[in-house]
Asks: 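Take a look at the following structure, please.
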Amino acid sequence: MTFSCLCGRVRVDIPAPPAFINACNCTLCSKSGARWAYFSPSEVGVEGVTNGYSREDKEDPAAEIHFCPTCGSTTHFVLTASAVSRFGNSQMGVNMRLVDEKDLAGTELRYPDGRAWPGKGGFDYVRPARIIGE
């Protein structure tokens, strides 16, 4: 499955639609307009130039979001060096808002409460999950 940012200068390729997508309500996710699906970095291809940003309000941010410098679309995130040293290079997030929703029909959309998450353990959810297209 291949998709792009708004202007088409950054293209992202994933092996298949994800099992689920997180629509997190934390300030980073909500202000960047992202809905994340997670993959191994070895499964994701990114073509084109992106700029990166890590939160400045966190002492040790775990993610660096990437966006197109031309149109501003958030495309993906990678783990920071600090997070990789703790967890390994085990996860990459891809912004599924870049995909036409009809291509995600049948995928579970979850709503984690990132604003209330203490930084460890599992998430609580702000509302029940739904299946896209239903």
Side-chain angles (χ1 to χ4, degrees):
M1 172 178 270
T2 302
F3 45 92
S4 70
C5 63
L6 182 61
C7 71
R9 288 184 171 93
V10 179
R11 298 179 58 80
V12 180
D13 184 64
I14 56 175
F20 69 92
I21 298 168
N22 273 345
C24 179
N25 70 349
C26 80
T27 54
L28 179 68
C29 294
S30 60
K31 289 183 183 228
S32 67
R35 285 185 174 171
W36 300 114
Y38 309 101
F39 298 90
S40 167
S42 65
E43 296 178 308
V44 180
V46 177
E47 293 180 24
V49 175
T50 61
N51 288 345
Y53 172 78
S54 290
R55 296 180 72 145
E56 296 175 358
D57 62 331
K58 299 285 184 186
E59 184 177 317
D60 189 17
E64 178 181 84
I65 63 167
H66 284 255
F67 57 93
C68 174
T70 302
C71 69
S73 297
T74 299
T75 54
H76 65 285
F77 77 73
V78 296
L79 297 180
T80 61
S82 173
V84 169
S85 72
R86 288 180 288 163
F87 311 116
N89 194 16
S90 57
Q91 183 180 21
M92 182 174 178
V94 176
N95 184 5
M96 299 310 290
R97 283 202 186 268
L98 301 178
V99 178
D100 191 314
E101 197 163 282
K102 71 177 175 45
D103 295 329
L104 297 171
T107 304
E108 183 178 51
L109 181 58
R110 299 175 182 175
Y111 299 92
D113 191 2
R115 287 185 191 217
W117 185 57
K120 294 183 180 179
F123 286 104
D124 286 328
Y125 292 86
V126 294
R127 64 179 167 190
R130 72 174 179 89
I131 303 299
I132 295 173
E134 291 184 359

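Counting begins at 1 with the first residue of the sequence.
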Asks: Check C26 against R115 and note the closest heavy-atom contact, atom names and distance.
Replies: CA-CG, 3.7 Å
Asks: Could you list the residues that satisfy ring-ring contact (aromatic ring centres under 6.0 Å, His included) with F123, not counting sequence neighbours?
Replies: W117
Asks: Got a donor-acceptor contact below 3.5 angstrom from the R97 side chain to the G33 backbone?
Replies: yes
Asks: In terms of heavy-atom contacts, does CD of E47 have more than 12 from other residues, nucleotides or ligands at under 6.0 Å?
Replies: no
Asks: State, yes or no, whether a side-chain contact exists between L79 and S90 at a heavy-atom distance under 4.5 Å.
Replies: yes
Asks: Can you check side chain to side chain donor-acceptor pair (under 3.5 Å) on T27 and R55, steps first, answer last?
Replies: CA-CA 10 Å; T27 54; R55 296 180 72 145; 3.0 Å; yes
Asks: Among Ile, Leu, Val, Met, Phe, Trp and Tyr joined by side-chain contacts under 4.5 Å, find the other residues sharing a cluster with L104 and list them by chain and number.
Replies: M1, F3, V10, V12, I14, I21, F39, V44, V46, V78, M92, V94, M96, L98, V99, L109, Y111, V126, I132
Asks: So do the side chains of T2 and D13 get within less than 4.5 Å of each other, counting heavy atoms only?
Replies: yes
Asks: Going by the ring-ring contact (aromatic ring centres under 6.0 Å, His included) test, which pairs reach into residues 62-86, not counting sequence neighbours?
Replies: W36-F77, H66-H76
Asks: How long is the span from the CZ atom in R130 to the CZ atom in R110, to the nearest 0.5 Å?
Replies: 14.0 Å
Asks: Assess the residue pair D60 and S82 against the criterion (side chain to side chain donor-acceptor pair (under 3.5 Å)); give the C-alpha distance rounded to whole Å, side-chain angles, the decisive distance to 0.1 Å, and a yes or no.
Replies: CA-CA 7 Å; D60 189 17; S82 173; 2.8 Å; yes
Asks: With a 3.5 Å distance limit and no angle check, can you tell me whether S54 reaches the backbone of P61 through a side-chain donor-acceptor pair?
Replies: no
Asks: How many angstroms lie between CG in N22 and OH in Y38, if you round to the nearest 0.5 Å?
Replies: 4.0 Å
Asks: Evaluate the side-chain proximity of T107 to P18: yes if any heavy-atom separation is below 4.5 Å, no if none is.
Replies: yes
Asks: Any sub-3.5 Å donor-acceptor pair from D113's side-chain atoms to Y125's backbone N or O?
Replies: no
Asks: Measuring from atom OG1 of T70 to atom CG of N51, what distance do you get when rounded to the nearest 0.5 angstrom?
Replies: 9.0 Å
